[in-house]
Amino acid sequence: MNTRPHDPLPKNFDFSAAEPDIYAAWEEGGFFRADPAAPGESFVIVIPPPNVTGNLHMGHALDVTLQDVLTRYHRMKGDNTLWLPGTDHAGIATQNVVEKTLLKEGTSREELGREKFVERVWEWKRQYGGNIVRQLRRLGGSCDWSRERFTMDEGLSRAVREVFVTLHEEGLVYRGQYLINWCPRCRTAVSDVEVEHENRRDHLYYLKYVVEPDPGGAASSLPPLVVATTRPETCFGDTAVAVNPDDPRFGEYLGRRVVIPLTGRSVPVVADAYVDMEFGTGALKVTPGHDPNDFQIARRHDLPAVSAIDEGGLLTGAAGPYRGLDRLEARPKIVADLERAGLLERTDPLEHAVGVCYRCRSVIEPLISLQWFVKIGSLAGAAREAVADGRTALVPAGWEKTYFDWMDNIRDWCVSRQLWWGHQIPAWYCQKCGETIVAREDPAGCPKCGGTELERDPDVLDTWFSSGLWPFSTLGWPERTADLARYYPTTVLVTGFDIIFFWVARMMMMGLKFMGDVPFRTVILHPLVRDAQGKKMSKTAGNVVDPLEVIDRHGADAFRFSLAVQAGQARDLRVDPKRVEGYSKFVNKIWNAARLADSLLRGGAAETTAAATPGTTPAAPATPAGPGAGTAAGTADARGSLPDRWIRARLNQVVKAVGLELDAFHTDRYCDQLYQFVWYEFCDWYLELVKPVAYGPDGPARRAALETLGSSFATILKLLHPVMPFVTEALWPRFAPAGWDLSPIMTQPFPQFDPRALDPEALDLIQCLMDVTRAVRQARSDFGLPPGAKLSPAVQTTDPARRNALSEHGPLLLKLMGAESLSLADDETPRPRESAVNVLPWGQVWTPLAGHVNPEAELARLEKESQKIRKEIAAARGKLQNPAYLDKAPEEVVAETREKLSEVERKLESLGRALELVRSLA
RNA sequence: GGGCGGUUAACUCAGCGGCUAGAGUGCCGGCCUUACAAGCCGGGAGUCGGAGGUUCGAAUCCUCUACCGCCCACCA
């Protein structure tokens, strides 16, 4: 069993066939499961629970990808890693969905009754609730499914009840009659954050309130009081007209009564400083039952509240003949009637914001209602403090201000909802004595009067009440479980910034209150997903890109990579299928590099060339350690060939860099660095450098090279695994180290930086080989040398190390630059007459042009280059002649400038010689 | 009304006090070189939104300003 696959890799990665099998193997292997008893530092993420009825959208995909990258990284690092998944019951949203299907069936929740309806929702949940969870698996999410939770499962419901009762005991939960936000469509109260404001073009109506005769019965000589309002239909709820006490225009009206138009009812004129003299007419109709400001004014003046609009959004009996009309339909009728009665002075256009329900977009109706509230002051204060003092960090930190502003201006949280789907409020009312009982266990009787006729509060709690407990309720609270002890506080929360108030803030409050500690150390607020044009994705706009379709088309790895590489500090992330396609090429690149490496390691050439030599001993397996392990010292031979030394040194640098990026949660830079390195260094240079050796005769040198090839590719796969779990897992069996025990790559240790494995010499010399190769390629391209032209370039340099490297790797270079021979020259060597010159900091490259010479063109080229260099010299000299610069700039910077200056001066000198020669030809 | 973000190559973005401002895509020219044409090689391309200021040095920090976007908000 413990054998490597021997068959050649297929030409392409068949991700659609491989992904499900790989995922199933991970899951069956139990590799996602966390063990609180295991050693290691804890790394914990709780998933932002998607709605049970939901389908995977781009926002989830981004969220899950980022969490999975971090989770896989920390798991490989050896941390005790838990990623806890689950779903949210999503009160209104879910209830709406089920109600819609009932409607199609020709019935309704009212017809079914509460019990049957709730049972229907559970049924729905059982049937479709698994959808979203299956879809998370398609993305490769390595969640610990054994710990999957649902906000309405038994344990979490207990936690909700415990929290509610405790808060009630402490006086932090109360019930009362206040003006709240009401959605007439959902027929429930909603909290402040659930109201969104939309700017609308509307009208300001000027209504005449006729002054009532004074108590003596004499008709008033005062003209009618004109009041401006956007909502004439609420006038039936007016209980006063208010003016500013300092407003000289209305002094005579104070204390008088005015008649509400269309009603005959009269109300007092009161003075209140709230009234803005500048706005409208300076007189404000006071409607305490339907406006938050008016509600406040009414409290100050002890005015009654009249409800003119009911919970269905219909006008009440207070509206007389208009009773039963919808508030929005009533307005034009009322305006017409006012006009007819001569009580409408005029109408002005006005743009203002109206509140709408964030779920159904209906206009929110403020009305007075008996609801449950959470007293928020102390909770918000603690939550604010925890971010202010750094116990929890928001990333990017710019969000802190938003968070503080919200916490500072927060009002009590209305938590009761007139829904059936959710956690029913644990409150009972004694029908005999009216006592309210809030209890952990269902009460049998009234503790006050002993009455047994109790009625339970029909309302349920705001969905966000239970999600606010998510970081500890999912770990078993209020039980003192091993999970809770080990995994709370969680390490990082990854979510979109759109739910800072809804969710993040509430978790902060609840975590601090009930666990005595913050729920997470870091909150990563990632961008919101937009379409390719930057527009919000929405069903109505028709620009929704389905993540599952993208995965079907390009594979999960390419999709994940495209999300992770774009998830920087910006606020928008544009999902463009073309871009995903671009990264699918990267997956293909990796696959093909693997094909090459694999075929070489298996002892033959690629299968596209000659057949593999039968019986050849497979290459020595890769070493398990990271790059360069144990090779810091020793002779050149012991360190291996120059390309070997170089790739190990580079890989070591990359290991360090990407580790730092991931530790700082910069998945974008982690991805970008790997992309650059794998494609433009490993594939474009290293693999090309290895080929001649690998295809050459067998021997110690070849074997050493193959060993480096195998181990470095294995390292690359491990580095890529967090973001590209599938393709790396699929390839792993080919590159796993000796003693391979069938354990998957996801359980391998993440490569570690080796501070001893630096090799600046190798980096420098390979750079030199690259420079020469590029110079010759450039000359070939610039002068249009035919593809078959035989070139015999020369490199002029006196640097012994470089001369050495060039002569040693001459044959190798010839292939890369398509030349016939390469010769070395020194300062004494005369330059061949017909040749292109590339000036490098340490020498020149001469490429003979063999009849393709065009001295004028080259002259122009060299002159252009010398212009550029002159400018650089001037800049560097200017700096070094500036005493302020020498005085104030850091030493390293000055040293760099000096070095730079001598380099460009050398270059210019060298260029000067070249120019001279070309001029003599031209 | 208050706050936040963006403005860098044709497009999408990175860089956020010091290398000649980068990458991907696109574009132009040349290659079917035996891992990959989903590829290779070479190339052109930007007064870093505008105006001031701080600094030896600014795309980067400060002030003002223009446009685009987002969030919060009890002027009816």
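Small disclaimer: the values here were computed from a predicted structure and weren't measured. Here is the naming used below: chain letters follow the sequence lines, and residue numbers restart at 1 for every chain.
In this entry the distance linking CZ of A:Arg411 with P of B:C72 reads 14 Å, nearest Å. Rounded to whole Å, the distance from NE2 on A:His197 to P on B:A76 is 11 Å. Nucleotide B:G24 holds its P atom 12 Å from the CZ atom of A:Phe561, rounded to whole Å. Between the P atom of B:U12 and the CZ atom of A:Arg579 lies a distance of 11 Å, rounded to the nearest Å. B:C56 atom P lies 18 Å from atom CD of A:Glu891, rounded to whole Å. Rounded to a whole Å, the CG atom of A:Asp668 is 16 Å from the P atom of B:G24. Distance, A:Tyr885 OH to B:G57 C1': 8 Å, rounded to whole Å.
Heavy atoms of A:Thr402 sit nowhere under 4.0 angstrom from any nucleic acid atom. At the heavy-atom level, A:Val904 lies nowhere under 4.0 Å from the strands shown. Here A:Arg774 lies in heavy-atom contact (under 4.0 Å) with sugar-phosphate atoms only. Within the nucleic acid shown, A:Pro883 has no heavy atom closer than 4.0 Å to any nucleic acid atom. Across all strands shown, A:Asn882 has heavy atoms under 4.0 Å from sugar-phosphate atoms exclusively, and none from any base. Counting non-hydrogen atoms under 4.0 angstrom, A:Tyr680 reaches the backbone sugars and phosphates but no base. Residue A:Arg669 is in sugar-phosphate contact alone, with no base atom involved, counting any heavy-atom pair closer than 4.0 Å across all strands shown. Residue A:Lys401 is in sugar-phosphate contact alone, with no base atom involved, counting any heavy-atom pair closer than 4.0 Å across all strands shown. Counting any heavy atom pair closer than 4.0 Å across all strands shown, A:Ala353 reaches a base atom. Contacts of A:Asn12 with the nucleic acid, taken as non-hydrogen atoms under 4.0 Å apart, include base atoms. Within 4.0 Å of A:Glu581, counting heavy atoms only, lies no atom of the nucleic acid at all. Residue contacts shown for A:Lys691 include a base, since a base heavy atom lies under 4.0 Å away. Note on A:Glu196: nothing from the nucleic acid sits closer than 4.0 angstrom, heavy atoms only. Among the protein residues, A:Tyr274 comes within range of the nucleic acid bases, having at least one heavy atom under 4.0 Å from a base atom.
Distances from the side chain of A:Asn592 to the nucleotides B:C72, B:C41, B:C36 place B:C36 closest. Closest to the side chain of A:Asp291, from the set B:A76, B:A38, B:C72, is B:A76. Residue A:Asn588 has its side chain nearest to B:A38 when only B:A35, B:A23, B:A38 are considered. With distances taken from any side-chain atom of A:Arg595 to the nucleotides B:A76, B:A35, B:G18, the minimum falls on B:A35. Here B:C56 is the nucleotide among B:A73, B:C56, B:C72 with the atom lying nearest to any side-chain atom of A:Lys888. For A:Asn199, the listed nucleotide lying nearest its side chain is B:A73; candidates were B:C75, B:C41, B:A73.
Between A:Asp7 and A:Arg734 there is a salt bridge, with a side-chain nitrogen of the basic residue lying less than 4.0 Å from a carboxylate oxygen of the acidic one. Using a cut-off of 4.0 Å between Lys/Arg side-chain N and Asp/Glu carboxylate O, A:Arg574 and A:Asp576 are scored as not salt-bridged. Taking a cutoff of 4.0 Å between a charged side-chain nitrogen and a carboxylate oxygen, A:Arg553 and A:Glu581 do not qualify as a salt bridge. Salt bridge absent: A:Glu896 and A:Lys879 never bring a charged side-chain N and a carboxylate O closer than 4.0 Å.
Using atom P as the reference point in both B:C48 and B:A37, the two lie 41 Å apart (nearest Å). One C1' atom belongs to B:C4, the other to B:A76, and the distance between them is 28 Å to the nearest Å. Distance noted for atom P between B:U55 and B:C62: 16 Å (whole Å). A gap of 14 Å separates the C1' atoms of B:G46 and B:C13, to the nearest Å. One C1' atom belongs to B:G6, the other to B:G44, and the distance between them is 29 Å to the nearest Å. Across the P atoms, B:C40 and B:C32 are found 16 Å apart, a figure rounded to whole Å. Annotation: B:U54 and B:A73 have their P atoms spaced 41 Å apart (nearest Å). B:G49 and B:A9 have their C1' atoms separated by 15 Å, given to the nearest Å.
Cation-pi check for A:Arg384 over A:Tyr403 is not met; the charged atom does not lie both under 6.0 angstrom from the ring centroid and within 45 degrees of its normal.
For the pair A:Gln778 and A:Gln676, nearest-nucleotide mapping onto RNA chain B gives the more 5' position to A:Gln676. Residue A:Asp405 is the one, among A:Asp276 and A:Asp405, whose nearest nucleotide of RNA chain B lies closer to the 5' end (criterion: closest heavy atom).
Within the 4.5 Å cutoff, the side chain of A:Val523 has no heavy atoms near those of the A:Val395 side chain.
Nucleotide B:C64 is matched to B:G50 when pairs are restricted to Watson-Crick or G-U wobble geometry with both distances under 3.5 angstrom. Nucleotide B:C19 is matched to nothing when pairs are restricted to Watson-Crick or G-U wobble geometry with both distances under 3.5 angstrom. Nucleotide B:C27 forms a pair with B:G43, judged by Watson-Crick or G-U wobble geometry with both contacts under 3.5 Å. Base-pair partner of B:A38: not found among the strands shown (Watson-Crick or G-U wobble, both distances under 3.5 Å). A 3.5 Å limit on both hydrogen-bonding distances identifies no Watson-Crick or G-U partner for B:A59. B:G1: Watson-Crick or G-U partner is B:C72, with both key distances under 3.5 Å.
The phosphate of B:C40 (OP1 or OP2) has a side-chain N or O of A:Trp679 nearer than 4.0 angstrom. The side chain of A:Tyr695 places an N or O atom within less than 4.0 Å of a non-bridging phosphate oxygen (OP1 or OP2) of B:A35. Side-chain nitrogen and oxygen atoms of A:Arg574 include at least one within less than 4.0 Å of the OP1 or OP2 phosphate oxygen of B:U12. The phosphate of B:C71 has neither OP1 nor OP2 within less than 4.0 Å of any side-chain N or O from A:Tyr403. Side-chain nitrogen and oxygen atoms of A:Lys589 include at least one within less than 4.0 Å of the OP1 or OP2 phosphate oxygen of B:C40.
Using cut-offs of 30° and 60° for the angle between ring planes, the A:Tyr675 and A:Phe586 rings count as tilted.
With no hydrogens or angles considered, a side-chain donor-acceptor pair links A:Lys285 and A:Thr287 at under 3.5 Å.
Each of A:Glu365, A:Glu233, A:His290 was scored for a side-chain hydrogen bond (donor to acceptor under 3.5 Å, both in side chains) with A:Arg327, with one residue passing: A:Glu365.
A:Tyr686 and A:Phe713 have their aromatic ring centers separated by at least 6.0 angstrom.
No N or O donor and acceptor, one from the side chain of A:Lys900 and one from the base of B:C19, sit under 3.5 Å apart.
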